[in-house]
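One structure below.
A, B, ... follow the sequence lines: proteins, then strands. Residue 1 opens every chain. Atoms considered below: every heavy atom in the structure, side chains included; atoms not considered: hydrogens, waters and symmetry mates.
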2 protein chains.
Amino acid sequence: MRHFINHTEENYLKAIYSLSQKPNQGVSTNAIAKSLDTKASSVTDMMQKLAEKGLVSYKKYYGVQLTSSGQLIALNTIRKHRLWEVFLVDKLSFNWDEVHEIAEQLEHIQSSELTNRLDIFLGNPKFDPHGDPIPNSQGEIENYHDTLLLSELEIGAFCTLVGVADSSSVFLKHLEKSQLKLGSEIRLINVFEYDRSLSIEVANIQRSISNRVADNLIVKPL
Amino acid sequence: MRHFINHTEENYLKAIYSLSQKPNQGVSTNAIAKSLDTKASSVTDMMQKLAEKGLVSYKKYYGVQLTSSGQLIALNTIRKHRLWEVFLVDKLSFNWDEVHEIAEQLEHIQSSELTNRLDIFLGNPKFDPHGDPIPNSQGEIENYHDTLLLSELEIGAFCTLVGVADSSSVFLKHLEKSQLKLGSEIRLINVFEYDRSLSIEVANIQRSISNRVADNLIVKPL
DNA sequence: ATATAATTTTAGGCTAATCTAAAAAATATA
DNA sequence: TATATTTTTTAGATTAGCCTAAAATTATAT
Ligand SMILES: [Mn+2]
Ligand SMILES: [Mn+2]
Ligand SMILES: [Mn+2]
Ligand SMILES: [Mn+2]
């Protein structure tokens with residue numbers, strides 16, 4: 001009954017999990033292909049394999065959904081990824097924009113003993129350096145509530161930056177240039193009709209950010 | 001000119017390096033196959049590939065030798081393996097017999113920045129938990145001198161256990177049962193003709209060990 | 001409802017890494 | 001030296017994961 005899962009399969013399951021969060025049902029072949037930078041035909045092959053292993057339910061032409069065991073593996077991979085990111089930032093002094101690629105490799109190391117000891121060593125962190133919640137060893141994850149995107153905040157409101165929807169290095173470096181980091185207090189001053197750009201106040205300084213940036217900032221209203 | 005090296009190639013290079021230590025020249029196809037638990041025909045294929053990449057010099061029917069760039073990769077892989085073993089023991093409190101398999105995975109993570117920061121984080125250790133020297137980032141390794149196998153020590157002599165030639169869990173657990181660990185002071189009392197078994201004294205207690213065990217204990221005479 | 005477009009699957013191939021069995025070469029033995 | 005044994009290489013398959021191109025299916029637009 002216990003199949004072995006390799007890093008390719010872990011990557012597919014993680015991608016499907018991530019795409020399932022936006023709650024349309026049945027993740028499409030094309031969406032997975034785009035997310036993994038591969039071709040739709042390759043995805044179809046893999047979906048048939050994962051379906052045989054009982055990790056996804058797959059109906060031809062209608063996309064896939066994770067089964068509970070598939071979801072558990074996805075969440076465990078995410079757990080490993082985020083714990084390693086914490087390790088890299090907290091212990092090895094990497095910047096938060098440098099850790100994702102390395103964690104993409106480390107997340108595939110197979111040893112639950114290692115993962116759990118790492119968790120303890122790091123002090124059982126609840127969030128990774130990008131504000132993403134870390135699943136526990138049972139695959140339970142804290143769905144952050146009371147949060148929304150900065151682009152959805154109402155004008156005049158105050159909020160705290162608690163997460164980023166894009167962990168790419170180029171985006172994170174861009175944020176740093178605007179003095180934005182996790183925990184920053186932000187006041188939304190205005191949204192301009194023309195290009196949906198936003199005027200915000202951070203650390204007593206007024207700045208302008210694009211709607212593209214605001215769409216990737218997860219905030220908690222104060 | 002810079003080729004990418006994957007984990008399969010790293011494993012072959014590491015095996016060739018290790019087999020080169022016993023200084024016969026030209027590592028044989030069969031020896032590599034045995035060391036990697038694969039078939040001679042697979043080894044031949046890979047040797048041709050590694051030769052094309054300039055990582056080994058290969059003469060049909062006469063085995064291979066690492067080139068300097070091949071040796072550098074082998075030593076870097078060994079460096080990563082041993083640093084991760086130190087991490088697992090020193091930081092995550094694993095026992096020395098539990099770390100080898102996990103390090104076999106971690107040694108293939110590709111990021112020199114990670115390796116070097118890990119080295120610093122661990123306090124630039126010179127030896128791994130099994131007493132093996134850790135190459136530096138230039139691939140320089142301290143050849144331990146003044147050491148020999150316990151089976152080669154002369155009767156009556158005192159020594160310190162500084163390394164093990166076998167890192168398997170079963171061997172290391174066996175050592176612990178005999179109160180033997182790195183740093184233990186040992187006096188060789190006698191060697192019995194019949195089965196070449198040894199009588200030793202450790203921590204004021206006299207014990208008997210097999211020649212098989214003594215062949216895997218690296219000691220420094222006092 | 002039909003035609004067109006988009007998506008998805010299938011068919012057939014490719015590469016890396018492995019295998020078994022057969023052939024070739026080197027080594028050991030008589 | 002000639003023969004037997006061992007080692008190594010080659011030939012031909014297999015598998016996972018990927019690809020392109022063509023066919024099938026579903027979705028959209030008149
Ligand atoms: Mn990440
Ligand atoms: Mn992250
Ligand atoms: Mn080891
Ligand atoms: Mn070791």
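- Counting any heavy atom pair closer than 4.0 Å across all strands shown, B:Thr44 reaches a base atom.
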Which donor-acceptor pairs under 3.5 Å do side chains of residues 68-79 of chain A form with protein atoms, sequence neighbours excluded?
from    : atom 1 : to       : atom 2 : distance (Å)
A:Ser69 : OG     : A:Gly54  : O      : 3.3
A:Ser69 : OG     : A:Thr67  : OG1    : 3.3
A:Thr77 : OG1    : A:Ile73  : O      : 2.8
A:Arg79 : NH1    : A:Asp119 : OD2    : 3.2
A:Arg79 : NH1    : A:Pro135 : O      : 3.1
A:Arg79 : NH2    : A:Asn116 : OD1    : 2.8
A:Arg79 : NH2    : A:Asp119 : OD2    : 3.2

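- The terminal axes of the helix from C:dA1-D:dT30 to C:dA30-D:dT1, fitted over 5 pairs per end, subtend an angle of 0° to the nearest 10°.
- Within a heavy-atom distance below 4.0 Å of DNA chain C, the residues of residues 46-62 of chain A found are A:Gln48, A:Tyr58, A:Lys60, A:Tyr61.
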Could you go step by step and tell me if A:Thr44 and A:Thr29 meet the side chain to side chain contact (heavy atoms under 4.5 Å, CB included) rule?
CA-CA 7 Å; A:Thr44 300; A:Thr29 302; 3.8 Å; yes
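- Salt-bridge formation is detected for the pair A:Arg117/A:Glu113: a Lys NZ or Arg NE/NH1/NH2 atom is positioned less than 4.0 Å from an Asp or Glu carboxylate oxygen.
- Using a 4.0 Å cutoff on non-hydrogen atoms, the parts of residues 36-43 of chain A near DNA chain D are A:Thr38, A:Lys39, A:Ser41, A:Ser42, ordered by number.
- Ion pairing between A:Asp97 and A:Lys173 holds under the 4.0 Å rule for side-chain N and carboxylate O.
- Extent of DNA chain C lying under 4.0 Å from chain A heavy atoms, first and last nucleotide in 5' to 3' order, is C:dT7 to C:dT10.
- What separates NE2 of A:His108 from P of D:dG17 is a distance of 13 Å, to the nearest Å.
- Every side chain to side chain donor-acceptor pair (under 3.5 Å) that B:Glu9 has, sequence neighbours left out, goes to B:Lys49, B:Lys53.
- B:Asn11 and B:His108 share a donor-acceptor pair across their side chains, judged by distance under 3.5 Å alone.
- Residues B:Val162 and B:Thr147 have side chains in contact (heavy-atom distance under 4.5 Å, counting atoms from C-beta outward).
- With ring centers used as reference points, B:His100 lies 6.0 Å or more from B:His130.
- Applying the 6.0 Å contact sphere to CD of B:Glu52 captures no more than 12 heavy atoms from other residues, nucleotides or ligands.
- Distances shorter than 4.0 Å separate none of the side-chain N or O atoms of A:Asn6 from OP1 or OP2 on D:dA16.
- Judged by distance alone, the side chain of B:Thr115 and the main-chain N or O of B:Ser111 form a donor-acceptor pair under 3.5 Å.
- With rounding to the nearest 0.5 Å, the separation of CZ in B:Arg212 from CZ in B:Phe171 is 8.5 Å.
- The CG-P distance, from A:Asn30 to D:dT26, rounds to 16 Å in whole Å.
- Shown are A:Lys14, A:Lys80, A:Arg82; of these, the salt bridge (Lys or Arg N to Asp or Glu O under 4.0 Å) with A:Glu107 is made only by A:Lys14.
- Note on ring orientation: taking the six-membered ring where Trp is involved, the planes of A:Phe87 and A:Phe121 are tilted (angle from 30° to 60°).
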